[in-house]
Amino acid sequence: MGTFIPWTDQICIGIQEIDEQHKQLVELINRLYDAMTQGADRQQAATEILQELMQYTIVHFAVEESLFRIFDYPDYETHRERHQQLRDQVIDINKRVQAGERLITPELLFFLRKWITSHIMVEDKAYGPFLLAKGIEKNWRRTSWLGRIWPGARR
Ligand SMILES: [Fe+2]
């Protein structure tokens, strides 16, 4: 795990399936930071990571929204609207970067850090106790598919 956004209890929901996905998002932003500060071809590497961040954000939000529907989460609509805003932001940034705009700057990194951590700490933390009370598994009992796709993922 990188150091730009350290993984702490503050951003931990307490449901392993979700926490591991959040770790992937955090790690992608950490990788973006590393690419920006250390890489040889910084803009190129950062452009690729940003594309991955956008794709994984879409997947992750879809997973959360489907859990909310399955468990009939009362704040579904509000959370989904928030996802829509966050998704639009990362899609827009990615589109502009892929089109050649040199947007990958320290300001963008600070923006993304806040973009992910405040959502996890506020909106996502709110659904943790609800899903646990509904009987969702706190811990994995089986090997995750995440590690196969992202070799850095903990299993
Ligand atoms: Fe969320």
Side-chain angles (χ1 to χ4, degrees), residues 1-36 46-98 103-104 107-155:
M1 188 61 84
T3 51
F4 182 62
I5 310 175
W7 184 260
T8 64
D9 283 352
Q10 279 178 303
I11 47 173
C12 203
I13 300 299
I15 300 164
Q16 192 177 8
E17 188 76 43
I18 303 294
D19 286 330
E20 295 296 332
Q21 293 190 13
H22 285 162
K23 278 181 195 164
Q24 298 299 327
L25 292 172
V26 163
E27 194 55 19
L28 283 165
I29 299 171
N30 282 331
R31 277 173 52 201
L32 197 59
Y33 174 83
D34 290 344
M36 279 281 302
T47 300
E48 285 166 20
I49 298 164
L50 194 64
Q51 173 81 6
E52 206 180 322
L53 176 67
M54 181 208 64
Q55 288 166 339
Y56 193 62
T57 299
I58 292 170
V59 171
H60 169 68
F61 285 179
V63 169
E64 281 192 350
E65 288 164 23
S66 110
L67 285 173
F68 298 160
R69 286 190 296 273
I70 291 167
F71 290 98
D72 198 19
Y73 182 48
D75 289 331
Y76 173 71
E77 292 297 339
T78 320
H79 201 122
R80 204 178 52 122
E81 278 167 26
R82 187 72 190 121
H83 277 176
Q84 195 56 52
Q85 291 168 349
L86 296 166
R87 200 165 24 218
D88 286 349
Q89 286 172 328
V90 78
I91 288 171
D92 178 61
I93 294 163
N94 183 60
K95 197 188 287 173
R96 290 163 63 187
V97 167
Q98 303 303 328
L103 286 182
I104 299 172
E107 289 71 27
L108 178 73
L109 284 157
F110 293 127
F111 170 82
L112 288 172
R113 178 158 66 181
K114 193 152 174 35
W115 174 85
I116 193 65
T117 56
S118 61
H119 178 62
I120 295 175
M121 285 193 282
V122 180
E123 287 101 353
D124 287 351
K125 274 222 165 173
Y127 74 65
F130 174 84
L131 292 183
L132 288 166
K134 285 271 186 178
I136 202 169
E137 293 286 343
K138 196 173 179 4
N139 295 111
W140 281 335
R141 295 192 195 176
R142 300 174 187 220
T143 304
S144 165
W145 52 270
L146 274 174
R148 295 191 191 179
I149 301 174
W150 288 275
R154 285 193 330 185
R155 267 160 280 181

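Counting starts at 1 for both ligands and their atoms, in listed order. Residues: numbered from 1 along the sequence shown.
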So which of the N, O or S atoms of D124 lies nearest the Fe ion (ligand 1)?
OD1
Decide, counting backbone as well as side-chain atoms, whether E64 has an N, O or S atom less than 2.8 Å from the Fe ion (ligand 1).
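Under 2.8 Å: E64 contacts the Fe ion (ligand 1) through an N, O or S atom.
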Of the backbone and side-chain N, O or S atoms of H119, does one lie nearer to the Fe ion (ligand 1) than 2.8 Å?
yes
Audit row: R87, E65, salt bridge (Lys or Arg N to Asp or Glu O under 4.0 Å) steps and yes/no
CA-CA 13 Å; R87 200 165 24 218; E65 288 164 23; 3.5 Å; yes
In terms of relative ring orientation, are H22 and H60 parallel, tilted or perpendicular, with 30° and 60° separating the classes?
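H22 vs H60 ring planes: perpendicular.
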Return the orientation label for the H83 and F61 ring planes: parallel under 30°, perpendicular over 60°, tilted otherwise.
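Plane angle under 30°, so parallel.
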I would like to know whether K23 and D19 meet salt bridge (Lys or Arg N to Asp or Glu O under 4.0 Å); could you show each step before the answer?
CA-CA 6 Å; K23 278 181 195 164; D19 286 330; over 6 Å; no
